[in-house]
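The block underneath contains the structure these notes are about, expressed in structure tokens.
Sequence positions, counted from 1, serve as the residue numbers for this chain. Both ligands and their constituent atoms are indexed starting at 1 by order of listing.
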Amino acid sequence: MKAKRFLVLLASFSLTASFSVATSTSSSSAVVLSEQSYADKPVVGLVIQYQDFVAAKDWRGDLVGISSISGEISQSADLGLGMWSVRFKRAKSELTALALAAKLKADSRIKRIYLDHQLTSKNTISTPKLGILRASAAPSRLQATDAWSAAAPLVPKIRLTWSAPTRLNGGLIWGYRVSQYDSASKTWKVLVSNTKSKLTSLTVTKNLVAGEFAKFKVAAVTKNSTGKLMAVSSYSSVVSFKPTTAPKAPILQSSGQITSANPTVSWLSQTTQQKGGLATSYTVLATAQTSPSLSCTSSGTSCMLSGLQSQVKYSVVVTATNAKGSASSNPVSETVDPMFSEQWYLTSEYGINIEPAWNITKGNPSVVVAVLDSGITRHPDLDENVVAGYDFILSDSNARDFQPGRDADPTDPGDYSTTGGRDSSWHGTHVAGIIAASSNSIGITGVAPMVKISPIRVLGVNGGSESDIAAGINWAIGVPISGVPTNQNVAKVINLSIGSKVFSTCSKSSPTQWAIDASKLRNVTIVTSAGNDDKNASESYPGNCSGNITIGATGYYGDRTTYSNHSYFDARYNAYIGVDISAPGGDEWVDSDLPADGGILSTWNEGTRTASDPTYASEVGTSMASPIAAGVLALMYSIRPNLTEDQAWDILRTTAKSFAPGSTCQDLRTTVELTDGTPYETGFCGAGIIDAGAALEAVLNLK
Ligand SMILES: [Ca+2]
Ligand SMILES: [Ca+2]
Ligand SMILES: [Ca+2]
């Protein structure tokens, strides 16, 4: 987080402290460090920092000082900055790892030993506390019917009806609780906590996807006669219904004009949802000022026009039609990518105001953004902007790439779970496209479509280790690392769309913090996602390290998304700490009224396990907000490569736009005064929403 930096300047005491599980004050033995709050998590190895002027390897090429635990070690690797990663054959408990570290402590060549944890991510859903009145029987006869209306042709709508419970057990009906199954998280989520009405029906429009079964169940909420006690019954049986809508407008893939030499018109394949969940056909209409119109029809993704006259330029539009209606494509101009209209996060009221920025620059190809993530897949909207990266995943079981140890190929082999239940995320491909998808008349446009992406693979099948992440940052900024060729594409910006739900303090002696400190010295800006757990961002590593910019996620309507981690108010400083600034990340639930259903559209892959065909997908999360910030910073560095890291942050925060009036993000803000008298705004969601146009204007006008 950035706020720590100025707050330490303001106050006479420091927020940062070293949290050590076991330390030694003796000057002749090494300090053993671990993040206190990781103490119950598996330790995958040790990070060893040698004293200055100690050669880490002996004449045989073995790491010095670790022979007493060599039976426990499977592999070792340089992290840069004098730190080495030593991996255990099997993950160990904190206590066992500390005992092994203690065996090395007395070696005077070793300065610090740090316990290296595997960062896992587990979803936790908190359930509401239920009442103390005796609950009624469950409602019965739950039914669902289609409530779609031609007045809102793209909005799926379901009407739920049920019967009131037969036994009230001494309570009065207060209302009903309706829950919906969320197939993404495979959990039931409360849709309406209490309808506060005796009506035994509800019309649902949000959270529905055309062509996908939605499942509901209903419980009765009762209260006693004084209204002081409440109870919630068990749920009714489950009802399931597949809503449908008119199709969404298709997107032309061929250029907007065709000729007799070029008679095939193609469009992007539509998902079941985009087809409204119904059989859909497509009709192409070609018009010209001086010749008769022509058409062709297909249920696929292209058709060929016959009878086109030579020397005549036709304008084409494709129309999708199903049983509930039809919708036509926009004509495509040469300068706008066909899916641009779906990228609300670039241009809408609470988007990032990209167009004035693009009038200044679409990016300089010499600017490199390192994306530390799950790797990358081939994609026609990305390939030309991808430069060499590296694969820093040391553990072969975590890497699943059949390329032993670290290797030069950061291809994402898919992070699906072999036991089922989780498809591959293609997380790195999605993040990379948000930053730098090409401006090339296909698909989407990245925030900085002319800059380069260096994919650095640190997240594998089982998440990422702290030491792999630290090594990746060091390599990205050009730190020499033995056994790895020095990076020829040193980054100006590093994106870490990584959030560990396991609380870590990111102490000042951690390998990650060392790497971030080194980045700052080289004027490389690091952006991190705030995390998706609806809690204090200071609990999510690596966003809670110091010196990086931590990005929260806002939705289409300009307020914090339900999942985004946020700042907490620290009364000592009269300031909010945690999230530095926000960018669009998309709302959690599908909203069919909005472009891309309210999510962040970017490059993706169709494969559920291993990579298949390139495609596009709408995703939500602070993982999507962070690369939007990275893209804007890349544009800033494109016109001013010598911008300092501090200047870049000051411009980003002072040019940010306001959150929506009346929103939580807008209401919970404070302005503190820096030591030089300038105001510094902090808030529940940081300084504001990133405004690319205003930021680029400010860089341009910087004296
Ligand atoms: Ca490998
Ligand atoms: Ca690899
Ligand atoms: Ca494109």
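A salt bridge does not link D78 to R406: none of the charged side-chain nitrogens sits closer than 4.0 Å to a carboxylate oxygen. Looking at R87 and D116, a side-chain N of the basic residue comes within less than 4.0 Å of a carboxylate O on the acidic one, giving a salt bridge.
At least one N/O/S atom of D401, from backbone or side chain, sits under 3.0 Å from the Ca ion (ligand 1). Backbone or side-chain N, O or S atoms of T445 do not reach the Ca ion (ligand 3) at under 3.0 Å. The Ca ion (ligand 1) has an N, O or S atom of G405 closer than 3.0 Å. The Ca ion (ligand 3) lies under 3.0 Å from an N, O or S atom belonging to S438. At least one N/O/S atom of Q403, whether from backbone or side chain, sits less than 3.0 Å from the Ca ion (ligand 2). At a cut-off of 3.0 Å, G443 does not coordinate the Ca ion (ligand 3) through any N, O or S atom. At a cut-off of 3.0 Å, A437 does not coordinate the Ca ion (ligand 3) through any N, O or S atom.
A donor and an acceptor atom, one from each side chain of D613 and T615, are nowhere located under 3.5 Å apart. For the 3.5 Å distance criterion, the side chains of T377 and T429 qualify, holding a donor opposite an acceptor. Under the 3.5 Å distance criterion, with hydrogens and angles disregarded, a donor-acceptor pair is assigned to the side chains of S397 and S395.
Nearest N/O/S atom of D407 with respect to the Ca ion (ligand 1) is recorded as OD2. Among the heteroatoms counted here (N, O or S) of D391, OD2 is the one nearest to the Ca ion (ligand 2). Residue D409 approaches the Ca ion (ligand 2) most closely through its N/O/S atom O.
Between I442 atom O and D381 atom OD2, the angle centred on the Ca ion (ligand 3) amounts to 70° (nearest 10°).
The two residues V64 and Y50 have their closest heavy-atom pair at O-OH, 2.7 Å.
Between I354 atom CD1 and I628 atom CD1 the span is 9.0 Å, to the nearest 0.5 Å.
Test T445, N385, D381 against N440 for side chain to side chain donor-acceptor pair (under 3.5 Å) and you get one pass: D381.
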